[in-house]
Amino acid sequence: MINYNGMEAKWQKAWADARIFESDVNDKPAYMVTAAWPYVNTPLHIGHLRAFGTSDVLARYKRMRGFNVIYPMGFHATGTPVLAFAKRIKNGDGEIVEELKVFHVPDAEIQKMTEPAYIAAYFTNESRQLYGRSGFSMDPRRSFVSTDPQFSKMVEWQFAILNSKGYLTKGRHPVGWCPNENNAVGMHDTKHDVEPEIEEEIAVLFRVDGEDAYVLCTTYRPETLFGVTNMFVNEKSQYVACRIGDDGKRYYISKAAASMLKYQTKVEVIEEIGADKLLAKTCINPINGSKLPVLPGFFVKEGVGTGVVMSVPAHAPFDYAALERLRKEGRLQQEIKPIKMLDVKIGRSLSDVSTGDAKPEHLDVPALAYLEILHTNVDAIDDMLEFATKLEYREESHWGKMLAKGYEGMSEPEARERMKKELASGGNAISIYVLQNTPVYCRCGYEVVVKVVEDQWFINYGDKAWKEEAKKALGRMKLLPDRARNAFDAAMGWIDMRAVARAQGLGTVFPLDKTKIIESLSDSTIYMSFYTISNFVKDIAPEKLKPEFFDFVFRGIGDADKVAASTGIDYSIIKKCRESFEYWYRDTSRGSGPDLIFNHLVMYIYNHTAVFDNAYWPKQIVINGFVMSEGEKMSKSLGNIVPLSDALEKYGADPSRMNVIAGADLYSDSDFSGTAVRGIQERLEYLYNAAMGLDKLSSGELKSIDYWLYSRLNGKIGKATIAMEKLELRDAYISIFYDSVLELRRYFARGGGNGIVVKDFLSGVALMLQPMTPHFAEEMWHALGNGSFASLEKWPEADKDMIDAKAESMEEAIEKTLEDARQAIALMEKKSGRKAAALKLMIAEDWKRKLVGTLAKERRVDKAIASVRGEAGVNTEIASRIAAMLAKRMNELRPVDTAQQDEYAGFADAAEYMAKQLGCRVEVEKEAASKSERAWRAMPLKPSLDIAF
RNA sequence: GCGGGGGUGGCAGAGCUUGGCCAAAUGCGCAGGAUUGAGGUUCCUGUGGUUUUAGUACCUGCAAGGGUUCAAAUCCCUUCCCCCGCACCA
């Protein structure tokens, strides 16, 4: 049993002593690998092992391919999460304490985490240790935190460039807002981490009959105005008359709506009224002038929208149900007839329900028909009505055809857009922002509202010229896997204004408004370039890092003398920084998760084109998938997040790496599973034991099985190298790792036992394992008698001459024949009730090889027969019969290179092995020499079988 | 809704770019056998369905339906379903 933790400690120490992963500028070609940095209050889990490990595999592979590689890693601390984190600790939030305990953070440490600086210090320290234990070959000297003042200076410089290019603009912007704490709230500020989803919605003005006033009503479906029969309010709610904005009109909305709306625009309440006042009024439909009574609706919520709902009973189950319930209670004064304004085949999207379930006469009231096909009615609970509503909305918007005049035949989305335009241009609607997923609560307990921030600063990613540059950069980049390109193209076309300044959070002060902080994704778009100089500028006073310093280092503007004079920085350091940047930043790879394509990665490309010369634009992006735990998605709520430290402790770094990194395709999710990791451990041990057992093996002349193993090794090297270049790690390591174990087992089972051959094989495997299982590879490399570091060796080269197609097809034939024989023997033994005593293999004559070859090439039966006619031992009748048989599978025919003598020798060599496998004697003879009636059936590499009892 | 990705044995997942050698590599699970005092481990074998004259064969099968082609998991069209993102949030 291998003690992984001991082995890892041993090699980590050895590497540290040799300082082999700390690279500086030298004569080798440079390669820089970066991975998206972790947020500073996030304890590392198994998902990080995949993200950072994938980059580590790339870094290690590239080193073996002769590159000088750096793999630096810093920490992200800007933004609000770390502040929210500190606050929660301060407030004794039990939830977060529980989370931290999962990661074995001691109580004493948790107590101290009330200061952001302490949190950062604690987790950066923890993470660095875990990087080491995971075998990440990172350069620790280049690590920095996004709140470091030296880095802030670079961000300021970057934003000055963006501003000078006119990429920073100002405007209005809606945000989620806590009225109690008076600040913007994002996901991590809300209870249960809910993202406040803001949506712009249309609010229709319904004039009140006989009054110069309007009832304001939000709706998702303005096109259903054609079907409105009445209005609904909540009879228990308070309403207000008010003025909204500057239009001077008098509006009626719920009191709750008024207090939310005031965060978006000016709201002046004139008077408070009870719902009864509204119930006495009649509204006018703005599109056709019809009169709409105001009625009580049981489902109307004062805090949703404006607290007023327009009723479309034909197309909304809630509205229909509300009217019917009023009717039953005898509270409906007048007849209200649903107005159908949209035609759709009801229940079309359901396979198990047919429209036959709805009574035909009800098809004119689709809302009712939908209730019927779901086998429910107007008294259903709200959830059921909600379900019917969703179904109806979906089918209608998908397949519905408008019936209303002027809109005939239009699809619903099309009609919606047109109606919106008409309403807006006629002054019959205004737009307001609403929270789509109400209610959302701030962690302080207050309900979140939408606030419109005036004077918001944006980065204008919609700028045409800039977008062109970014697209150009993207077009030249390598994406791994390339199928992510569609997502990039889409994101690139889509990204537009991005709010860039925030009122609170850690980070760099926004230069154009010193009361604001630069938003935290925007301050980390070119930070990777800072790694090239971070080790040199660490101790330089931030105020010395003036724009001219960065201009010179990153853009080659000016000269070092003058920069030294004006900044007071050492001339030699300035030169070193420039040299380092130019050396390291040409050939780079950026690793990241798929969730970052739509923001960080696109911004990364954009900002590089804005700041750097195109020689330093991004070259490659690698997207890796997530990690599941035992087949389930890891989440806080499931409590199944596997801390990285636990995985390392329990299984060791190498088996965990293999499982998580090579366990799935680059882009898809991999599964961290105990059984899979144990399976990996067992195979690693098999390989290690094979290396330890080498001295028991003999040497001597090479047999065919030895050539086979060499062939497999060299084929494997070629295959794995191609896969590694594309970072198809699963493919590569199935071949390098899993297949190698199977091949060795087969080699020994087939009587192989040449120590030199096995050693060559294991050496190749050990070297190719190095990027994935670095500690184990060193251990094995040394067990094979080498004194060097596997991590500093060259990646093996395939020797094409050693790839022996004949040896491989011979082995395949043996295996296939074995399978056939097993089946035939089983069948015969079952039938006869006796045990088979012997198996005779008859090897096809050479003329059959010629026949197959000609047929495969010429694809004509007559030519094939002609080609063998007259040859020794050829019976034309048998030849035609065989040719006809083969012709049926013409397209699958492949010429066979192996001559009868070689095939005979191959099977003769394998006879002992086959006998052992089958449990009976195995004899081999040539077709012509055989007395068996079945001999004629022999085909090249498919011997005819004869079973004797 | 819009955008992106996907649907293949009991499960995870190859194969799709470039149609034929190819349906299912590899792993897990399951079943049988060997080893073992038992369990576990390990090793071997089998594992979509069906027919079959002893095996090499054939049929059927890659979400559903249709098309192109001598030939389709692969190309085209239609439909259904699942996952992710939709912004100021890391």
Side-chain angles (χ1 to χ4, degrees), chain A residues 36 38-39 41-42 76 78-82 173-176 184-189 195-199 220 348-349 351 393-394 397-398 412-413 416 453 456 458-459 482-484 486-491 493-502 519-522 524 594-600 626 628 631 633 659 663-665 667-671 673 675-676 679-680 682 686 730-731 733-735 737-739 742 745 749 816-817 819-832 836 856 885 888-894 917 934 937-939 942-947:
Chain A
Y39 202 77
N41 66 359
T42 314
H76 203 191
T78 52
T80 51
V82 73
H173 190 66
V175 293
V185 291
M187 192 169 85
H188 44 265
D189 304 311
E195 177 78 42
E197 289 172 36
I198 298 166
E199 199 169 43
Y220 292 109
R348 179 172 168 185
S349 65
S351 52
Y393 282 14
R394 202 181 74 207
S397 78
H398 218 126
E412 206 184 11
R416 182 173 305 154
V453 181
Q456 172 68 54
F458 294 92
I459 300 183
D482 195 63
R483 77 191 151 110
N486 287 339
F488 273 92
D489 286 340
W494 184 45
I495 190 169
D496 193 18
M497 294 286 184
R498 183 177 177 96
V500 66
R502 300 203 65 189
E519 178 271 323
S520 54
L521 282 186
S522 299
S524 47
D595 50 333
L596 295 183
I597 293 176
F598 285 86
N599 45 53
H600 167 71
F626 300 111
M628 321 242 284
K633 197 171 174 165
N659 177 223
D665 234 12
Y667 203 27
S668 39
D669 297 348
S670 66
D671 187 29
S673 123
T675 41
I680 289 163
E682 280 153 17
Y686 179 86
R730 183 172 161 82
D731 260 18
Y733 281 93
I734 281 179
S735 177
F737 178 55
Y738 291 95
D739 287 351
L742 295 176
R745 282 186 181 147
K816 186 83 180 83
T817 304
E819 253 173 59
D820 292 340
R822 262 197 204 105
Q823 266 185 54
I825 289 174
L827 211 72
M828 288 299 287
E829 285 184 344
K830 203 171 150 197
K831 271 195 176 173
S832 68
M885 235 165 68
K888 278 196 284 184
R889 289 175 293 132
M890 190 81 89
N891 293 320
E892 300 165 21
L893 280 186
R894 294 290 175 277
Q917 293 283 319
R934 311 183 63 84
R937 291 163 171 261
M939 295 299 292
K942 277 183 183 168
S944 177
L945 313 183
D946 200 339
I947 299 161

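Below, chains carry the letters A, B, ... as their sequence lines are ordered, and counting in each starts from 1. None of these values were measured; they are calculated from a predicted model.
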Answer with base, sugar-phosphate or nothing: what part of the nucleic acid does A/Pro38 contact at a heavy-atom distance below 4.0 Å? nothing
Which is true for A/Arg937 with a 4.0 Å heavy-atom rule: it touches a base, it touches only sugar-phosphate, or it touches nothing? base
Separation between the P atoms of B/C21 and B/C59, rounded to whole Å: 13 Å
When all nucleic acid strands are considered with a 4.0 Å heavy-atom cut-off, which category describes A/Ala490: base, sugar-phosphate, or nothing? sugar-phosphate
A/Asp820 has its side chain closest, among B/U56, B/A90, B/G85, to B/U56
Considering every strand and a 4.0 Å limit on heavy-atom distances, what is the contact class for A/Ser944: base, sugar-phosphate, or nothing? base
Counting only Watson-Crick or G-U wobble pairs whose two distances fall under 3.5 Å, which nucleotide matches B/U42? B/A34
Measure CG/A/Leu521 against P/B/G85 and give the value in whole Å, please. 15 Å
My understanding is that a pair needs two contacts under 3.5 Å, Watson-Crick or G-U wobble. By that rule, which nucleotide pairs with B/U78? B/A64
P spacing across the pair B/C28 / B/C22, given as an integer number of angstrom: 25 Å
Base, sugar-phosphate alone, or nothing: which one does A/Asp946 contact when heavy atoms must sit under 4.0 Å apart? base
Counting just side-chain N and O atoms, does A/Ser520 come under 4.0 Å of either OP1 or OP2 of B/A90? yes
Out of B/C88, B/C43, B/C86, which has the shortest distance to the side chain of A/Phe458? B/C88
Take atom NZ of A/Lys942 and atom P of B/G55, then tell me their distance rounded to the nearest Å. 14 Å
In B/G9, glycosidic geometry as syn within 90° of 0 or anti otherwise: syn
Round to a whole Å and report the spacing from OH of A/Tyr738 to P of B/G27. 8 Å
Students often get this wrong, so: under 4.0 angstrom with heavy atoms, is A/Asp496 touching a base, only sugar-phosphate, or nothing? base
With rounding to the closest Å, how many angstrom separate the C1' atoms on B/U8 and B/C82? 15 Å
Quick one: on RNA chain B, does A/Ile734 or A/Lys816 contact a more 5' nucleotide (nearest heavy atom)? A/Ile734
Between B/A23 and B/U47 - C1' atom distance, rounded Å: 16 Å
Give one of base, sugar-phosphate or nothing for A/Arg745, where a contact means two heavy atoms less than 4.0 Å apart. sugar-phosphate
Look at the side chain of A/Arg730 and the base of B/U26, then say whether one donor and one acceptor between them are separated by less than 3.5 Å. yes
Work out how far the C1' atom of B/G65 is from that of B/G13, and round it to whole angstrom. 27 Å
So, OP1 or OP2 of B/A90: does either fall under 4.0 Å of a side-chain N or O from A/Thr80? yes
Nearest-angstrom distance, C1' atom, B/C77 to B/A24: 28 Å
Determine the contact category for A/Ala499: base if any of its heavy atoms lies under 4.0 Å from a base atom, sugar-phosphate if only primed atoms, P, OP1 or OP2 are that close, otherwise nothing. base
Once you apply a heavy-atom cut-off of 4.0 Å, does A/His76 come out as touching a base, just sugar-phosphate, or nothing? sugar-phosphate
What is the pairing partner of B/G85, taking Watson-Crick or G-U wobble pairs with both distances under 3.5 Å in any strand? B/C2
Please give the nucleotide sitting opposite B/G29 as a Watson-Crick or G-U wobble pair, both distances under 3.5 Å, or none. B/U47
Rounding to an integer number of angstrom, what distance separates B/U26 and B/A14 when you compare their C1' atoms? 8 Å
Counting only side-chain heavy atoms from C-beta out, which of B/U45, B/C28, B/G55 sits nearest to A/Gln917? B/U45
Closest-nucleotide ordering on RNA chain B, the 5'-leading residue of A/Ala501 and A/Ala484: A/Ala484
In Watson-Crick or G-U wobble terms, both distances under 3.5 Å, what is the partner of B/G20? B/C70
Just N and O in the side chain of A/Asn486: are any of them under 4.0 Å from OP1 or OP2 of B/G5? yes
Using a cut-off of 4.0 Å on non-hydrogen atoms, how would the nucleic acid contact of A/Met497 be classed: base, sugar-phosphate, or nothing? base
Using the C1' atom as the point on both nucleotides, what is the distance between B/C62 and B/G15, in whole Å? 10 Å
What is the nucleic acid contact for A/Glu682, judged by heavy atoms within less than 4.0 Å: base, sugar-phosphate only, or nothing? sugar-phosphate
